[in-house]
Student: 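Once you've had a glance at the structure underneath, I'll fire off some questions.
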Amino acid sequence: MNQLYKLEKNDLLEPLNYGPVSRMDLIKYSGASGDYNPIHTIDQSAEEAGLPGIIAHGMWVMGSYLKIFYPYLDSHFIENYSIRFSNMVFINDIIYFTAKLTDIIDGHYIFELIALNQEEKQVLSGKIKLAPV
Amino acid sequence: MFFDLIGAKSSKVENVIEYGAVKKFSDALNLPIHSLESVKEDSYSVIVPATFPATFDGGKIPNLNLPHEGLIHGEQNYYYNRPLSIGEKIYCWIEINDYKEKKGKLGDTGFLTQTMYGEDEDGQLIFSEERIVIISQKVREGIK
């Protein structure tokens, strides 16, 4: 049995410092996801697109964020995962991931997402709702 | 040019959830393939990451010509009725739900909302994956 039932409103999940983001992280995700847009892997393509450097796939950030919820996925599943991308993630960034429990309704746990880069800028915002399996 | 596509749908495409693809996808995101708790309990149910449908083929919408470059991914929303399992067949299709343009500093910015739906062999909806893509005026003019 995991410790989800012990959480109370406004509690934070065990945080995770993710990174520094490497080019290899993004190459691996390109291969695994089939998203080969070169702005995520090749400097010249990113520059031609007017970016200061290669940027992480939004979906790489969204997927990586899931890790902090894995300890709870034996009793629950992700019923809703909604995000808005707010700032781009670059190579060498370090992202701080956590989540705040905002509500518990009939065994469903609703979290507000917290994902900040090393300058404490939010890289995504949104929510996750866990439902009992 | 996108206004006319609201309501357009693709035909259903069969996708099989393969263990190898889930393992590779999870590894690329540094995700375990089991819940951390269930590994300790020696359970073997594999977790398919909530964002895994990003790898599914949802078919093509006729006359939708999105450029490969210059799009901005604004939002992504997943809704599940139940988790996905290894080995199951999912039938996916895409629908254009909405398109609007808002005036901005760099001209009219377009917001395209498209959703991929996934159902099981009995036609029960398992998940939906909604994404909002932002298309600048400059990028749209490049398509014309």
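Just so it is clear: chains get the letters A, B, ... in the order the sequence lines come, proteins before strands, and each one is counted from 1.
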Student: Determine the option with the most heavy-atom pairs under 4.5 angstrom with chain B, choosing from A:K28, A:R84, A:E48, A:H57.
Tutor: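 Option with the top pair count is A:R84.
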Student: Which one wins on heavy-atom pair count under 4.5 Å against chain B: A:N80, A:L124, A:I128?
Tutor: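 Of the candidates given, the most pairs with chain B belong to A:N80.
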Student: Salt-bridge test for A:D43 and A:R23: reply yes if a basic N is under 4.0 Å from a carboxylate O, no otherwise.
Tutor: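 A salt bridge is present here (some side-chain N lies under 4.0 Å from a carboxylate O).
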Student: Under 4.0 Å between a side-chain nitrogen and a carboxylate oxygen: does that hold for B:R131 and B:E129?
Tutor: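 Looking at B:E129 together with B:R131, the answer is yes, because their closest N to O distance falls below 4.0 Å.
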Student: In terms of heavy-atom proximity below 4.5 Å to chain B, should A:Y18 be classed as side chain, backbone, both, or neither?
Tutor: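 When you check distances to chain B, only side chain atoms of A:Y18 fall under 4.5 Å.
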Student: Applying ring-ring contact (aromatic ring centres under 6.0 Å, His included) to B:Y117 and B:F127, what does each step give before you reach the verdict?
Tutor: CA-CA 6 Å; B:Y117 299 92; B:F127 75 87; 8.6 Å; no
Student: Locate the shortest heavy-atom distance separating B:S26 from B:P49; write the atom from each residue and the value.
Tutor: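 Reported closest heavy-atom pair: OG-CG, 3.5 Å.
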Student: Only one of A:T102, A:L13, A:D11 clears side-chain contact (heavy atoms from CB on, under 4.5 Å) with A:F111; which?
Tutor: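 In the set A:T102, A:L13, A:D11, the residue that makes a side-chain contact (heavy atoms from CB on, under 4.5 Å) with A:F111 is A:L13.
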Student: Does any backbone or side-chain atom of A:N37 lie under 4.5 Å from a heavy atom of chain B? Answer side chain, backbone, both or neither.
Tutor: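 Answer is side chain: those atoms of A:N37 sit under 4.5 Å from chain B.
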Student: I'd like to know which of A:K129, A:M24, A:E79 tops the heavy-atom pair count under 4.5 Å against chain B.
Tutor: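 Among A:K129, A:M24, A:E79, the one with the most close pairs to chain B is A:E79.
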Student: Looking only at heavy atoms and a cut-off of under 4.5 Å, which of B:A54, B:A50, B:G74 has the most pairs with chain A?
Tutor: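 The answer is B:G74.
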Student: Would you call the rings of A:Y65 and A:F69 parallel, tilted or perpendicular if under 30° counts as parallel and over 60° as perpendicular?
Tutor: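 It falls in the tilted class, 30° to 60°.
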Student: Shorter than 4.5 Å, heavy atoms on both sides: which option in B:T55, B:L31, B:I132 has the most such pairs with chain A?
Tutor: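 Most heavy-atom pairs within the cutoff with chain A belong to B:L31.
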